[in-house]
Amino acid sequence: MAATTHTVSNQAPPLVGHDVYGGDRALSEGVERHLAAADPELLGAVRQELTDLGRAAGSAQAQEWGAQANENPPKLRTHDRYGNRIDEVEFHPAWHRLLGHAVGAGLTDAWGRPAGHLRRAAGFFLWSQAEAGHGCPISMTHAAVPALRADPSIAAEWEPRLTSHMYEEGLRPAAQKAGVLFGMGMTEKQGGSDVRANTTSAVPLDADGEYLLTGHKWFCSAPMCDGFLVLAQAPGGLTCFLVPRVLEDGTRNVFAIQRLKDKLGNRSNASSEVEFDGTWARRVGEEGRGVRTIIEMVAATRLDCVIGSAALMRQALTQAVHHAEHRSAFGARLIDQPLMRNVLADLALESEAATTLTLRLAAANDAATDQERAFLRLAVPAAKYWVTKRCTPMVAEALECLGGNGYVEESGLPRLLRESPLNSIWEGSGNVQALDVLRALQREPQALNAFLQEVGLARGADHRLDSAIKDLLTDLADLEGIEARARRVVERMALVLQGSLLVRWAPPEVADAFCASRLGGDWGAAFGTLPHSLDLRAVVERARIAG
């Protein structure tokens with residue numbers, strides 16, 4: 001007879017075998033809302049596409065791949081057994097399975113498909129919840145397309161490979177592969193985000209756009225990729241280049257990986273330092289216009305930072321609600337206790353606001369009108385600033401909902417917590433985003449007009465939102481000390497935008513709670529401090545896995 005101490009009770013069952021798409025009301029309702037407005041004939045096909053991916057993301061198999069890829073991080077192999085330089089990165093098979101599923105699901109293919117950005121953003125949101133680290137090369141491959149279009153001949157050659165739904169690992173000439181992945185190398189030791197301080201040199205070989213590069217990239221993301229977009233100083237100034245890992249004749253390009261970074265999180269993914277020494281490259285765009293050429297890639301990866309953080313937030317919230325549903329203390333389930341319900345409702349508001357904003361930005365990319373492009377010019381850096389900043393405290397609070405169980409690696413929450421600061425740093429940290437918003441406000445008045453028109457669509461529906469919009473306009477009209485106030489201004493812009501979207505599209509109890517807390521000021525400094533008079537039970541119920 002087993003000892004009673006060996007009986008397991010009052011523990012939440014494993015959260016496996018669920019549909020991550022169908023179970024997320026904010027996501028699924030948002031996708032269908034935007035599709036119904038843009039291309040209703042696609043509804044059925046996209047619903048099935050995302051349901052299949054959502055079920056895969058919620059499977060025990062995908063969770064096992066995610067754990068294996070992080071428990072067995074990549075290894076750098078600089079030389080073969082004979083002393084030949086090979087500069088290869090070795091990954092666990094789980095990494096390749098995650099990448100293969102992502103590519104097969106079309107997560108690098110947004111630029112030519114109907115509603116491509118919306119369905120791709122929703123898919124990236126879903127599959128990031130299986131494992132976040134492999135999203136780095138997926139994001140850069142997707143984002144490289146608009147930058148390569150600066151040179152139509154290069155785009156014609158490479159775009160079909162980038163948008164392929166076939167994944168092939170291993171280093172071979174790109175022309176011999178059914179699909180390729182792209183990375184990026186912009187930052188250097190002395191410059192960081194100030195990429196114009198880069199010292200990597202580019203010497204022309206001929207008049208056809210071929211160059212030899214020499215320099216050291218301090219952060220080169222995903223060095224196992226087939227090609228890279230990099231910045232280097234050409235005779236005409238800072239310029240964008242395409243660097244293939246393997247040349248057309250099968251020889252390895254000079255791409256000396258000095259080391260892999262030992263990172264806080266994102267451990268399944270390889271980030272590296274790379275030395276160029278006579279490295280062959282093709283110019284993309286004109287000399288001296290490197291930042292302008294690569295900025296389209298940066299804008300796309302910044303949006304992926306928002307999507308990735310929103311996905312982490314939803315994943316953490318799901319774990320917290322699942323635990324609270326099944327765990328009892330002091331005679332009642334945690335989810336039924338008023339104080340825990342307040343915490344969960346607060347987390348749910350943060351998650352739904354991030355998800356709703358993410359889908360709005362993706363839909364704007366699909367519309368691609370002048371008005372939407374102007375809106376994105378402000379909305380993307382503001383969202384990148386705020387959503388990625390909110391990710392870490394939210395994941396930490398969700399972890400605490402599980403108590404000591406959440407602090408244990410087996411729960412998966414520590415991995416999410418280590419991952420959570422990444423998107424706020426990558427593609428420009430908080431200050432860079434805030435300054436980018438100021439630059440747009442000063443130089444592109446049409447961007448502010450488009451932004452204000454968007455938030456104004458909800459004017460009159462909630463007095464707290466109306467008041468917040470008025471305060472924002474006062475902030476924007478006062479240019480004194482604007483740089484020092486930039487974070488506060490951008491935070492308010494993001495909150496007003498989220499409030500406008502929720503007032504228009506979320507259930508009344510969600511919009512009411514968001515406006516009361518985030519815009520009305522009836523909120524403390526920590527999660528779980530919402531006004532007790534709100535309908536918090538309904539907010540938490542909406543956050544539960546549907547079905």
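Numbers for residues simply follow the sequence, beginning at 1.
Note that the CD atom of Q63 and the CD atom of Q129 stand 10.5 Å from one another [nearest 0.5 Å]. Going from atom CG of D151 over to atom CH2 of W158 covers 13.0 Å, rounded to the nearest 0.5 Å. Rounding to the nearest 0.5 angstrom, the gap separating the NE2 atom in H92 from the CH2 atom in W65 is 12.0 Å. In this structure, OG1 on T301 lies 11.0 Å from CD on E296, to the nearest 0.5 angstrom. How far OG of S221 is from CH2 of W426: 6.0 Å, rounded to the nearest 0.5 Å. Rounded to the nearest 0.5 Å, atoms CG (L98) and CG (N269) are 11.5 Å apart.
Looking only at distances, no side-chain donor or acceptor of Q233 sits under 3.5 Å from a matching main-chain atom of T199. One N or O on the side chain of T279 and one on the backbone of D277 form a donor-acceptor pair closer than 3.5 Å. Under a 3.5 Å cut-off, the side chain of T141 and the backbone N or O of F182 do form a donor-acceptor pair. One N or O on the side chain of T239 and one on the backbone of G237 form a donor-acceptor pair closer than 3.5 Å. Using modelled atom types, no side-chain atom of R492 and backbone atom of D475 make a donor-acceptor pair closer than 3.5 Å. Panel note: side chain N365, backbone H117; no donor-acceptor pair is recorded below 3.5 Å. No donor-acceptor distance shorter than 3.5 angstrom exists from the side chain of S268 to the backbone of A69, with no hydrogens or angles considered. With T355 contributing its side chain and S351 its backbone, the two residues share a donor-acceptor pair below 3.5 Å. Under the 3.5 Å distance criterion, the side-chain polar atoms of S411 are matched with a main-chain donor or acceptor of G406. Using a distance-only test at 3.5 Å, with no hydrogens or angles considered, a donor-acceptor pair links the side chain of R283 to the main chain of G285.
In this structure, F451 and F375 have parallel ring planes: the angle between them is below the 30° cut-off, well short of the 60° mark.
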Begin with the C-alpha distance, continue with both residues' side-chain angles, and end with the deciding distance and a verdict on side-chain contact (heavy atoms from CB on, under 4.5 Å) for L378 and L448. CA-CA 7 Å; L378 277 176; L448 179 58; 4.2 Å; yes

Determine, stepwise, if the pair L530 / L349 fulfils side-chain contact (heavy atoms from CB on, under 4.5 Å). CA-CA 10 Å; L530 295 171; L349 292 177; 3.9 Å; yes

Run the numbers on C401 and V343 for side-chain contact (heavy atoms from CB on, under 4.5 Å), then give the verdict. CA-CA 8 Å; C401 290; V343 173; 3.8 Å; yes

Check step by step if salt bridge (charged side-chain N to carboxylate O under 4.0 Å, His left out) holds for R161 and E168. CA-CA 11 Å; R161 303 165 183 166; E168 289 188 24; over 6 Å; no

T200 and L231: CA distance, side-chain angles, deciding distance, side-chain contact (heavy atoms from CB on, under 4.5 Å) verdict: CA-CA 8 Å; T200 295; L231 294 177; over 6 Å; no

Chi angles and distances behind the salt bridge (charged side-chain N to carboxylate O under 4.0 Å, His left out) call for E491, K389: CA-CA 10 Å; E491 174 183 321; K389 278 270 183 280; over 6 Å; no

Go through the steps for D262 and R267 under the test salt bridge (charged side-chain N to carboxylate O under 4.0 Å, His left out), then give the verdict. CA-CA 8 Å; D262 186 8; R267 300 188 70 82; 3.1 Å; yes

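Under the 4.0 Å criterion applied to side-chain N and carboxylate O atoms, E409 and R418 are assigned as salt-bridge partners. In summary, R149 and E159 engage in a salt bridge, as defined by a charged side-chain N under 4.0 Å from a carboxylate O. Using a 4.0 Å cut-off between charged nitrogen and carboxylate oxygen, E350 and R518 count as a salt-bridge pair. Salt bridge annotation for R377-D436: present, with a cationic side-chain nitrogen under 4.0 angstrom from a carboxylate oxygen. Ion pairing between E427 and R302 fails under the 4.0 Å rule for side-chain N and carboxylate O. Comment: K261 engages E273 in a salt bridge, judged by a side-chain N to carboxylate O separation of less than 4.0 angstrom.
Side-chain contact between Q190 and N198 is present, with at least one heavy-atom pair separated by less than 4.5 Å. Residues L107 and H101 are not in side-chain contact: their nearest non-hydrogen atoms beyond the backbone lie 4.5 Å or more apart. Under the 4.5 Å side-chain criterion, counting only non-hydrogen atoms from C-beta, L519 is in contact with L495. Looking only at side-chain heavy atoms (C-beta outward), V230 and V274 stay at 4.5 Å or farther from each other. In this structure, the side chains of V437 and V489 stay at 4.5 Å or more apart for every pair of heavy atoms. In this structure the side chain of M394 reaches within 4.5 angstrom of the side chain of L317, judged on heavy atoms. Here the side chains of D226 and R245 are not in contact, with every heavy-atom distance at 4.5 Å or above. For the pair W386/Q498, a side-chain contact is recorded, criterion being any heavy-atom separation below 4.5 Å from C-beta on.
Taking every heavy atom of both residues into account, A362 and A121 meet most closely at CB-CB, 3.6 Å. Scanning all heavy atoms of the two residues, the minimum distance from V31 to L50 falls at CG1-CD1, 3.9 Å. Shown here for P414 and L399, the closest heavy-atom pair between the two residues is N-CD1, 4.1 Å. In terms of heavy atoms, V539 sits closest to A345 at CG1-O, 3.7 Å. L126 approaches G54 most closely through the heavy-atom pair CD1-N, 4.1 Å. Contact between I257 and S272 at its shortest, heavy atoms only, is CG2-CB, 3.9 Å.
For D109, the salt bridge (Lys or Arg N to Asp or Glu O under 4.0 Å) partners two or more places apart in sequence, or in a different chain, are R113. The salt bridge (Lys or Arg N to Asp or Glu O under 4.0 Å) search around E88 returns R252, not counting sequence neighbours.
No hydrogens or angles considered: a donor-acceptor pair under 3.5 Å links the side chains of N431 and R487. Of the N and O atoms on the side chains of N72 and W95, not one donor lies less than 3.5 Å from an acceptor on the other residue. Checked by atom type, the side-chain pair R314/T318 shows a donor-acceptor distance below 3.5 Å.
Of the listed residues (R120, H142, K384), just one forms a side-chain hydrogen bond (donor to acceptor under 3.5 Å, both in side chains) with D304, and that residue is R120.
At most 12 non-hydrogen atoms from other residues, nucleotides or ligands lie less than 6.0 angstrom from CD of E483. No more than 12 heavy atoms of other residues, nucleotides or ligands sit less than 6.0 Å from atom CD of E400. Enclosure of atom CZ in R488 is not indicated, since only 12 or fewer non-hydrogen atoms of other residues, nucleotides or ligands lie within 6.0 angstrom.
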